[in-house]
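Comments concern the structure below.
Since we're looking at a predicted model, the values are computed, not measured.
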Amino acid sequence: MTTVEMTRFRVPAERAEALLAARPAMLRDFEADRAGFVEARLVRLSANEWLDIVFWGSSEDFAESRRRGADRSGIQTFFSLIESVISVEEGTTTEATGA
C-alpha cells in the first residue's frame, strides 16, 4: 500500500500557465530531496481549482515532507502561485502496485 496526499487548492486563472511552468522544477526538487516521494499527478478541476495527488512510500514520508514545507526553490515557486488551499487529505491505496 502507498500513502496518498490529496491537496485541493485555488490558483487565479491568470496564474495557471505560471503554475504549469513551475511544476517540473517542483517535481525535480521532490525527486531529489524528499524521501519516499513516488509520483505526483496534477488535475485541473475548473478555471481556478486544482487537485494535486501525490504518492508517498509511507505516512511518515508525507508527514516529513509537510514538516519541511517549501524549503527548496522549485517547491517555493510552485507554492507561491497558490492563492488558497481548500483541503488536504491523506489516504492509502487499497491495491498492490507494480506487476
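- Scanning all heavy atoms of the two residues, the minimum distance from M1 to T92 falls at SD-OG1, 4.5 Å.
- Note: S59 OG to E5 CD = 11.0 Å, rounded to the nearest 0.5 Å.
- Residues L81 and R15 share a closest heavy-atom pair of O-NH1, 3.0 Å.
- R66 is listed as a side-chain neighbour of V88, based on a closest heavy-atom distance under 4.5 Å.
- The side-chain heavy atoms of V43 and I53, taken from C-beta on, include a pair separated by under 4.5 Å.
- Here the closest heavy-atom approach between residue L20 and residue L42 is recorded as CD2-CD2, 4.0 Å.
- Side-chain atoms of S65 do not come within 3.5 Å of backbone N or O of D61 as any donor-acceptor pair.
- The closest donor-acceptor contact from the side chain of R72 to the backbone of A32 lies at 3.5 Å or more, if one exists at all.
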side-chain contact (heavy atoms from CB on, under 4.5 Å) between T77 and M26, intermediate numbers included: CA-CA 8 Å; T77 299; M26 184 202 84; over 6 Å; no
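- A heavy-atom distance below 4.5 Å is not found between the side chains of F78 and D29.
- Using a distance-only test at 3.5 Å, with no hydrogens or angles considered, a donor-acceptor pair links the side chain of T93 to the main chain of T2.
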Steps toward side-chain contact (heavy atoms from CB on, under 4.5 Å) verdict (V85, T7): CA-CA 7 Å; V85 173; T7 304; 4.1 Å; yes
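- In the displayed structure, E17 atom CD is contacted under 6.0 Å by at most 12 heavy atoms of other residues, nucleotides or ligands.
- Within the 4.5 Å cutoff, the side chain of F9 has no heavy atoms near those of the I86 side chain.
- Closest of all the heavy-atom pairs between V38 and G57 is CG2-N, 3.9 Å.
- Closest of all the heavy-atom pairs between F79 and G69 is CE2-C, 4.4 Å.
- Looking only at side-chain heavy atoms (C-beta outward), L51 and M6 come within less than 4.5 Å of each other.
- D71 places a side-chain heavy atom less than 4.5 Å from the side chain of R34.
- Cluster membership for L19 and L27, using ILVMFWY side-chain heavy atoms within less than 4.5 angstrom, is shared.
- Looking at heavy atoms from C-beta onward, N48 lies out of side-chain contact with V11 at the 4.5 angstrom threshold.
- Between E49 and R8, the shortest heavy-atom contact is OE1-NH2, 2.7 Å.
- When atom types are taken as modelled, the side chain of R10 and the backbone of E83 share no donor-acceptor pair closer than 3.5 angstrom.
- Between F30 and W56, the two ring planes are tilted [angle within 30° to 60°].
- Using a cutoff of 4.0 Å between basic side-chain nitrogens and carboxylate oxygens, R28 and E31 are not scored as salt-bridged.
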